[in-house]
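Here's the structure we're looking at; comments come further down.
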Number of protein chains: 2
Amino acid sequence: MTKISINKIAELAGVSKTTVSFVLNGRGDEKNISQKTQEKILAVARENNYKANYIARSLSLGKSFTIGFIVPDISNPFFGKIAKQIETVAEKKGYSVMVANTNEDVLKETNIIESFKARQIDGIILASASKNYNQLTSIIGKDYPSVFFDRFLPNMNKPFIGINNFETAQQLTELLIQKGHKKIALVSITSYLPNIVNRINGYKDALTTSEIGVNEDLIFEIEPTDIKNGIKQVISNMVEGENPTTAILFLNNVLTAEAIWTVNTLYPEYKDQLDFASFDNLDLFDYSTPRVISALQPSEDIANLAVNMLCDQIDNNNQHEGIQLDTSIITR
Amino acid sequence: MTKISINKIAELAGVSKTTVSFVLNGRGDEKNISQKTQEKILAVARENNYKANYIARSLSLGKSFTIGFIVPDISNPFFGKIAKQIETVAEKKGYSVMVANTNEDVLKETNIIESFKARQIDGIILASASKNYNQLTSIIGKDYPSVFFDRFLPNMNKPFIGINNFETAQQLTELLIQKGHKKIALVSITSYLPNIVNRINGYKDALTTSEIGVNEDLIFEIEPTDIKNGIKQVISNMVEGENPTTAILFLNNVLTAEAIWTVNTLYPEYKDQLDFASFDNLDLFDYSTPRVISALQPSEDIANLAVNMLCDQIDNNNQHEGIQLDTSIITR
DNA sequence: TCCATTTACTAAACCGGTTTAATAAAACAA
DNA sequence: TTGTTTTATTAAACCGGTTTAGTAAATGGA
């Protein structure tokens with residue numbers, strides 16, 4: 001039961017491996033291989049259940065037909081949904097998908113990218129944990145096909161698929177205002193990334209436009225490496241004052257989910273007094289208290305665009321512009 | 001900016017590629033390469049930012065250092081959590097992870113497995129959509145390293161990582177009985193797979209042990225390809241009778257989540273009269289009505305075991321026995 | 001001093017494909 | 001009949017690594 005190779009097929013069919021390669025790649029007619037020879041080769045290949053070795057093929061062609069998908073956490077449903085769609089679309093195009101989790105760790109991200117490049121993966125789609133594109137670009141390389149999403153980085157010269165952060169934050173904040181809230185906090189992970197800045201600006205804009213105004217003390221930033229404790233502190237801080245915060249805008253779903261858990265577990269008495277708004281939707285928001293207004297990102301569109309843009313870079317060296325998609329606000 | 005290969009490094013360092021290969025693989029001392037030469041080679045490699053081509057390496061070694069993870073739907077949090085842990089563990093062992101979704105489609109599963117084998121992926125971890133191992137084994141091949149989880153197949157001669165289906169179903173059913181329910185239905189996807197059969201038997205056993213007894217009309221089976229309509233029918237059937245069902249045991253989280261949605265959307269008046277129990281946990285169960293008692297599978301353990309068992313097959317041709325893990329029941 | 005061993009290094013084969021450039025034989029045109 | 005084109009096929013190089021089997025020079029021992 002030794003593996004059967006193209007050489008073996010050539011030997012069994014009594015022709016050269018060149019001829020076998022041509023025929024099995026459907027180039028038999030083009031290369032003037034006689035019908036008789038073609039049939040013979042196909043028959044021998046079928047009989048022996050020949051399957052081409054993609055590693056050898058990749059080495060020869062300089063192309064692995066693999067794309068990498070790198071995210072902080074594939075078990076986050078937001079990334080999971082995109083992963084699923086990416087795999088579905090990629091598979092149709094003949095690509096397989098390699099996934100990896102960075103856990104928001106820039107060093108791990110670096111190692112993954114280097115590993116993926118060493119594996120000759122044709123291109124990557126990533127939601128980067130990095131704060132700075134210049135660091136990244138030296139790893140990724142100027143010419144390595146890549147598409148970014150979710151996390152925008154300054155000075156990025158690669159396509160980025162994002163959402164209308166400013167407008168979405170504005171809308172979410174306005175909806176909280178309309179519910180009658182006067183003290184609306186904002187909770188973010190890192191505040192210096194452009195899309196986070198835009199979200200914060202949208203929040204501020206909505207508050208400024210209303211008569212409420214911005215209170216910088218209500219803007220909290222949490223370390224992505226210790227979200228649990230961060231949220232606990234922020235929530236206790238908010239509810240325990242004498243003039244408690246009544247609404248919070250969270251800049252991603254992990255923060256919101258953790259806050260829901262914290263309120264239900266530690267401060268159940270405040271459950272019904274609080275209103276939440278959140279970037280990224282989660283199924284549990286349909287049923288949780290505090291009620292959550294959420295901004296659903298169009299994950300299928302993001303995935304489709306990402307794969308198409310990436311393949312266009314890989315196949316045609318054709319780099320698209322980034323694109324900004326609209327969220328759908330889900331009120332509850 | 002041409003890619004730099006081991007040949008180039010050899011040329012620049014003025015030695016043979018053999019020597020370079022030895023040194024860069026840390027076998028310099030073992031192979032009696034002089035310190036001077038070793039340093040020279042390492043310096044040249046560093047200066048030129050040399051990264052070995054893993055495709056070439058794989059071809060030569062006959063090993064791709066890649067494992068495949070094949071599931072019905074990677075965006076299902078149950079699979080997502082396992083995927084994350086698998087990637088984390090695999091990465092530590094030097095393996096990358098290729099993922100694919102079958103969408104419960106046996107044909108797609110077949111194609112994926114063949115594609116993964118053609119790509120020389122060293123082994124696969126899968127939750128199969130197939131109903132029959134004999135069909136699968138002709139695709140997978142007797143000797144191809146593989147570990148199954150979640151979906152047990154009859155006649156399987158590969159390790160399977162499962163849970164104590166019978167006891168878990170028994171416990172979930174007993175908890176519903178303890179809540180005072182007399183009419184407890186069961187909703188399943190396909191009923192002929194052994195682990196499903198075990199779950200059904202556990203359910204029946206609990207009912208038989210109590211004075212309630214089994215009513216076969218309360219056991220429903222839903223097509224995995226049209227869960228939405230299936231659940232809608234089952235729920236309407238249950239609540240609209242004159243003696244309505246008051247509790248339901250669901251055999252996976254997709255069914256439960258869909259049922260929660262259906263009840264909340266179409267039959268909100270029954271929300272508080274119903275009690276659910278479910279295999280697989282979901283975050284939303286913490287907040288949803290009807291309240292759900294769920295059986296949490298130890299996803300980290302499953303992932304760790306799966307990777308370790310697979311690597312032991314790959315590296316040592318050492319096939320483990322399957323294993324049965326315990327679930328944790330979460331009452332709410 | 002001579003033979004055996006160790007040190008330091010390399011040529012070449014191999015993994016399994018793709019592709020270029022070449023060739024012999026057949027068909028065709030003049 | 002001869003030169004040209006077309007048909008049918010292939011040898012060999014290549015992709016970039018690993019590894020086996022070797023060699024020449026230096027060292028060591030008697």
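Below, chains carry the letters A, B, ... as their sequence lines are ordered, and counting in each starts from 1.
The pair A:E114-A:K117 does not count as a salt bridge, with every side-chain nitrogen at least 4.0 angstrom from each carboxylate oxygen. Ionic pairing of B:D73 and A:K81 is not present here: no N-O contact between side-chain nitrogen and carboxylate oxygen is shorter than 4.0 angstrom. Salt bridge annotation for B:K84-B:E87: absent, with no cationic side-chain nitrogen under 4.0 angstrom from a carboxylate oxygen.
Close placement of the A:F160 and A:F152 rings is indicated, their centers lying within 6.0 Å of each other.
Of the candidates C:dG16, D:dG17, C:dT10, C:dG16 carries the atom nearest the A:I6 side chain, counting heavy atoms from C-beta on. With distances taken from any side-chain atom of B:S16 to the nucleotides D:dT10, C:dA11, D:dG16, the minimum falls on C:dA11.
Between the side chain of A:T18 and the base of D:dA12 there is at least one donor-acceptor pair of N/O atoms closer than 3.5 Å. For B:K17 against D:dG17, a side-chain N or O and a base N or O form a donor-acceptor pair under 3.5 Å.
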Taking only N/O atoms, report every protein-nucleotides 25-27 of chain C pair under 3.5 Å with atom names and distance.
none

Distances for protein N or O near nucleotides 22-27 of chain D N or O, under 3.5 Å:
none

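In terms of the side chain to side chain donor-acceptor pair (under 3.5 Å) criterion, A:K158 has no residue partners (sequence neighbours excluded).
Within residues 23-37 of chain A, the residues approached by DNA chain D to less than 4.0 Å at the level of any non-hydrogen atom are A:K31, A:N32, A:I33, A:S34, A:T37, in residue-number order.
Taking side-chain N and O atoms only, A:T19 has a distance below 4.0 Å to OP1 or OP2 of D:dT10.
For the pair B:R57 CZ and D:dC15 C1', the computed distance is 17 Å after rounding to whole Å.
Remark: the B:R119 side chain and the A:T66 side chain contain an N/O donor-acceptor pair separated by less than 3.5 Å. Between the side chains of B:Q35 and B:D29, at least one donor N or O sits under 3.5 Å from an acceptor N or O.
Identified under the ring pair (Phe, Tyr, Trp, His ring centres under 6.0 Å) test for residues 302-323 of chain A, with sequence neighbours left out: none. The stretch residues 92-106 of chain A participates, sequence neighbours left out, in these salt bridge (charged side-chain N to carboxylate O under 4.0 Å, His left out) pairs: A:E104-A:R151.
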